[in-house]
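Single-structure report; data block below.
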Amino acid sequence: MYRSSYSVYLLQYHIVTKYRNPVLQGSVKTSVYKTIEDMLEMFNCIIKEVNGKEDCMYLLIETLSDIKLHRLIQILKTRSARFARRDYPDTVDKYYWKSYFWNNAYFVSTVSENTLANFETYIRKQGMKSKNRLIK
């Protein structure tokens, strides 16, 4: 639980963002995840879990009460796309010939203390092939 001057709160979100092309692999995936982790830290968010597949990313985060979630997601997607296109043009341009990287749409749901463990397990299992995990 977090406290502010006038409230006590716990805001946890499950976020899924994707674009149906397999570009989130190897160094591109590592770079995108690192960029997003750095930005979430900058916004004082806590990452509970992060994982994904070649074409999507799953996040479980806690935020402060003054965070505008839609704006945060927009910033995460814009900056991570900009850095991926800048740093890995040969890899990214094979799949993204237009000026966007992520799909405009995203999924978000709130998480309760009763469902937190279920979401953590679900996200950990994303990106698994057989019994071997891909890059976290």
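All values derive from a computational prediction rather than experimental measurement.
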Under the side-chain contact (heavy atoms from CB on, under 4.5 Å) criterion, do Q25 and T91 qualify, and how do the steps go?
CA-CA 10 Å; Q25 302 178 62; T91 304; over 6 Å; no
Please test D93 against R85 for side-chain contact (heavy atoms from CB on, under 4.5 Å), starting from the C-alpha separation and ending with a verdict.
CA-CA 7 Å; D93 288 347; R85 293 181 71 81; 3.6 Å; yes
What do the steps show when you test S112 against T115 for side-chain contact (heavy atoms from CB on, under 4.5 Å), and what is the final call?
CA-CA 5 Å; S112 73; T115 60; 3.3 Å; yes
CA sep, side-chain torsions, deciding dist, call: D38, K34, salt bridge (Lys or Arg N to Asp or Glu O under 4.0 Å):
CA-CA 6 Å; D38 290 347; K34 177 71 172 128; 2.7 Å; yes
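Scanning all heavy atoms of the two residues, the minimum distance from G52 to Y33 falls at N-OH, 3.0 Å. When all heavy atoms are compared, the tightest approach of K18 to C56 is CB-CB, 3.2 Å. Considering every non-hydrogen atom in both K53 and L24, the closest pair reads O-CB, 3.7 Å. Across Y9 and T63, no two heavy atoms sit closer than the pair CE1-O, 3.8 Å. The minimum heavy-atom distance linking L116 with V111 is given by the pair CA-CG1, 3.7 Å.
Ring geometry for F119 against H14 counts as tilted: the plane angle lies between 30° and 60°, on a 0 to 90° scale.
Annotation: the span from T17 atom OG1 to I36 atom CD1 amounts to 7.5 Å, rounded to 0.5 Å. Atom CZ of residue F107 and atom OH of residue Y13 lie 13.0 Å apart, to the nearest 0.5 angstrom. Rounding to the nearest 0.5 Å gives a distance of 7.0 Å between NE2 of H70 and CD of Q74. Atoms CD and CD1, on Q12 and I61 in that order, are 10.0 Å from each other to the nearest 0.5 Å. For the atom pair CG of L60 and CD1 of I46, the computed distance is 11.0 Å after rounding to the nearest 0.5 Å. Separating the CD atom in E120 from the NZ atom in K48 is a distance of 6.0 Å, to the nearest 0.5 Å.
Residues M1 and Y6 are members of separate hydrophobic clusters, defined by side-chain heavy-atom contacts under 4.5 angstrom among Ile, Leu, Val, Met, Phe, Trp and Tyr. Under the 4.5 Å side-chain heavy-atom criterion for Ile, Leu, Val, Met, Phe, Trp and Tyr, Y88 and V23 are members of the same hydrophobic cluster. With hydrophobic clusters built from ILVMFWY side chains whose heavy atoms lie under 4.5 angstrom apart, L11 shares a cluster with M39. In the hydrophobic clustering of this structure, L40 does not group with F83; members are Ile, Leu, Val, Met, Phe, Trp, Tyr whose side-chain heavy atoms approach within less than 4.5 Å, directly or through other members.
Looking at heavy atoms from C-beta onward, L10 lies in side-chain contact with E113 at the 4.5 angstrom threshold.
Between I15 and the choices L72, L76, V50, V108, the side-chain contact (heavy atoms from CB on, under 4.5 Å) rule is met once, by V108.
No more than 12 heavy atoms of other residues, nucleotides or ligands lie within 6.0 Å of CZ in R3, so this atom counts as exposed by the packing criterion.
One side chain, S80 or W102, offers a donor N or O that lies under 3.5 Å from an acceptor on the other.
In this structure, the side chain of S31 does not engage the main chain of S27 through any donor-acceptor pair within 3.5 Å. D55 places no side-chain N or O within donor-acceptor distance of the main-chain N or O of P22, the cut-off being under 3.5 Å.
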